[in-house]
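Everything numeric in this text was worked out from a predicted model, so none of it was measured.
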Amino acid sequence: MDLSNYDIAHYLGHKALSNLFRAYRIYKVPISVALSENGISGFNYDFKEDHNIERESLKNTVCGIDVGSVDPINAFHFAGHLSSLRRKEAEHCIDTAIYFQAMMEADINNVLGSNASGSFNSKWTKFLKSNGASSKELGYFDNYFNNIYKKIRNPTVHAHNRKGLTNVDELRFPFVHENIKYGWYSFVFLLNIVHDSKMDYEENWEIMSNQAHDIPAQIDDRDYPDYGSITGQLYKKHLDHFNEKSNKQL
């Protein structure tokens, strides 16, 4: 098989957004579906006469759980499910950042050629400035570099420790979506220069995210709350229930 014309940047860009889509899905599908899609076992045994956690998992999304109405046994199971899905969201966000960054490096190196020297940041900044990028266009790359490259790519590729994530607040779908979008705008700037075209940034992002990968092009952060706090409330409800039962038996 001849792979001499294989476009590695094309593969990496689509791979990045495929992983971003997987992070997005966790928020939007029923919990039982999210567990299945991410290879997480949803088996539970709660000793209740009405064993309804599977039914409830089909009714609720990770952000749609009403902690007050969940019974204490189901609260334990839901908390476990959300903890597992939060880990998967972080992993999908890491994968998105790593693949997208590899695409950005492949593209700038391809344009500048084998004799190009300097850091990733200096290569892109020099290319942007030498081709008349506006302050807004320079800001797009700065947003990408400061938030994806420095906050996610570097702590992952150059991890100081094997265990423990220090950048958990950034490993969430809305944060990665917002800043990958700015990276895509920079990529479109490059394409416009190389091909002497005038593609619109937002329109092109709409095609790539929404039409190609079923991810909304623009999002409202309020639709994607951090469900880590919900997990804590669910565990607390479960423990409070058993502490109350124990105190009554004393």
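- When side chains are defined from C-beta on, Phe78 does not count as touching Ile230, because their heavy atoms never get closer than 4.5 Å.
- Looking only at distances, no side-chain donor or acceptor of Lys181 sits under 3.5 Å from a matching main-chain atom of Ala217.
- Linking ILVMFWY side-chain heavy atoms closer than 4.5 Å, directly or via other members, places Leu112 and Met103 in a single hydrophobic cluster.
- Proximity of Asn5 to Leu3: side-chain heavy atoms (C-beta onward) are nowhere separated by under 4.5 Å.
- Clustering ILVMFWY residues whenever any of their side-chain heavy atoms sit less than 4.5 angstrom apart, transitively, puts Phe21 in the very cluster that holds Met208.
- The line from CD1 of Ile108 to CG of Asn121 is 11.0 Å long, rounded to the nearest 0.5 Å.
- Summarising the local packing, CG of Asp196 is surrounded by 12 or fewer heavy atoms from other residues, nucleotides or ligands at distances under 6.0 Å.
- Note: Tyr149 and Tyr144 fail the aromatic proximity criterion, with ring centroids not under 6.0 Å apart.
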- Message: Go through it in stages, so that I can follow the logic: the residues are Arg153 and Glu105, the test is salt bridge (charged side-chain N to carboxylate O under 4.0 Å, His left out), and I'd like the CA-CA distance, side-chain angles, deciding distance and then a yes or no.
- Response: CA-CA 12 Å; Arg153 184 268 186 186; Glu105 293 187 18; 3.6 Å; yes

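- Between the side chains of Ser119 and Ser122, at least one donor N or O lies within less than 3.5 Å of an accepting N or O.
- Every residue meeting the ring pair (Phe, Tyr, Trp, His ring centres under 6.0 Å) condition with Tyr224, not counting sequence neighbours, appears here in chain and number order: Tyr27, Phe173.
- Every residue meeting the ring pair (Phe, Tyr, Trp, His ring centres under 6.0 Å) condition with His14, not counting sequence neighbours, appears here in chain and number order: His10, His213.
- Transitive grouping of hydrophobic side chains (ILVMFWY, heavy atoms separated by less than 4.5 Å) brings Tyr185 and Leu12 into a common cluster.
- Note that the SG atom of Cys93 and the CD1 atom of Ile98 stand 12.0 Å from one another [nearest 0.5 Å].
- Lys237 places a side-chain N or O within 3.5 Å of a backbone atom of Val70 that can act as its donor or acceptor partner.
- The closest donor-acceptor contact from the side chain of Tyr201 to the backbone of Trp184 lies at 3.5 Å or more, if one exists at all.
- Contact detail for His177 and Pro216: the closest heavy-atom pair is NE2-O, 2.7 Å.
- Interatomic distance, Asn74 CG to His81 NE2, rounded to the nearest 0.5 Å: 8.5 Å.
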- Task: Mind running side chain to side chain contact (heavy atoms under 4.5 Å, CB included) on Asn210 and Ile215 for me, showing each step along the way?
- Result: CA-CA 5 Å; Asn210 197 340; Ile215 305 166; over 6 Å; no

- Run the numbers on Asp226 and Arg86 for side chain to side chain contact (heavy atoms under 4.5 Å, CB included), then give the verdict. CA-CA 9 Å; Asp226 186 352; Arg86 179 66 185 91; 4.1 Å; yes

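- Side-chain atoms of Asn243 and Asp240 form no donor-acceptor pair, as typed in the model, at a separation below 3.5 Å.
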- Could you go through the side chain to side chain contact (heavy atoms under 4.5 Å, CB included) check for Phe145 and Ser186 one step at a time? CA-CA 11 Å; Phe145 180 75; Ser186 296; over 6 Å; no

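- When side chains are defined from C-beta on, Tyr11 does not count as touching Asp7, because their heavy atoms never get closer than 4.5 Å.
- Taking each heavy atom of Ala16 and Thr96 in turn, the nearest pair found is O-OG1, 3.3 Å.
- The shortest side-chain heavy-atom distance between Tyr235 and Ser83 falls under the 4.5 Å cut-off.
- Minimum interatomic distance between Thr231 and Ala79 (heavy atoms only, all atoms of both residues): CG2-O, 3.5 Å.
- Using a 4.5 Å heavy-atom cutoff, the side chains of Phe175 and Asp169 are not in contact.
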- Steps toward side chain to side chain contact (heavy atoms under 4.5 Å, CB included) verdict (Glu91, Lys88): CA-CA 5 Å; Glu91 292 174 355; Lys88 284 295 182 181; 3.4 Å; yes

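- Using a distance-only test at 3.5 Å, with no hydrogens or angles considered, no donor-acceptor pair links the side chain of Ser36 to the main chain of Ser32.
- In this structure, Leu82 and Ile65 have side chains that are in contact, with non-hydrogen atoms separated by less than 4.5 Å.
- With hydrogens and angles disregarded, a donor-acceptor distance shorter than 3.5 Å links the side chain of Glu137 to the backbone of Ser134.
- Between the Asn52 side chain and the Arg55 main chain, no donor and acceptor come within less than 3.5 Å of each other.
- Here the closest non-hydrogen pair linking Trp124 and Met104 is NE1-O, 3.2 Å.
- With rounding to the nearest 0.5 Å, the separation of CD in Glu206 from CG in Asn204 is 10.5 Å.
- Here the CD1 atom belonging to Ile31 is positioned 11.5 Å from the OG atom belonging to Ser84, to the nearest 0.5 angstrom.
- Annotation: Tyr182 is not in aromatic contact with Phe100 [ring centroid separation under 6.0 Å not met].
- With His92 as the partner, the side chain to side chain contact (heavy atoms under 4.5 Å, CB included) test is satisfied by one option alone out of Leu20, Asn38, Leu171, Val176: Asn38.
- Contact detail for Lys151 and Asn167: the closest heavy-atom pair is O-ND2, 2.8 Å.
- Side-chain N or O atoms of Asn110 include none that pairs as donor or acceptor with a backbone N or O of Ala106 at under 3.5 Å.
- Note: Ile26 CD1 to Tyr24 OH = 12.5 Å, rounded to the nearest 0.5 Å.
- For residues 13-33, every residue pair satisfying the salt bridge (charged side-chain N to carboxylate O under 4.0 Å, His left out) rule, not counting sequence neighbours, is listed here: Arg25-Glu37.
- Aromatic pair Phe189/Tyr140: ring centres not closer than 6.0 Å.
- Under a hydrophobic-cluster definition in which Ile, Leu, Val, Met, Phe, Trp and Tyr are linked whenever side-chain heavy atoms come within less than 4.5 Å, directly or via other members, Ile180 and Ile207 are assigned to different clusters.
- The neighbour count for His158 NE2, taken as heavy atoms of other residues, nucleotides or ligands under 6.0 Å away, is above 12.
- Asn161 places no side-chain N or O within donor-acceptor distance of the main-chain N or O of Lys163, the cut-off being under 3.5 Å.
- A donor-acceptor contact shorter than 3.5 Å is absent between the side chain of His241 and the backbone of Pro72.
- Of all the heavy atoms in Leu128 and Leu138, the pair that sits closest is CB-CD2, 3.7 Å.
- In summary, the side chains of Asn154 and Lys150 do not present any donor paired with an acceptor at a separation below 3.5 Å, with no hydrogens or angles considered.
- Side-chain N or O atoms of Asn60 include one that pairs as donor or acceptor with a backbone N or O of Glu56 at under 3.5 Å.
- Placement of Met199 and Leu17 within a single hydrophobic cluster is found when ILVMFWY residues are connected by side-chain heavy-atom separations under 4.5 Å, directly or transitively.
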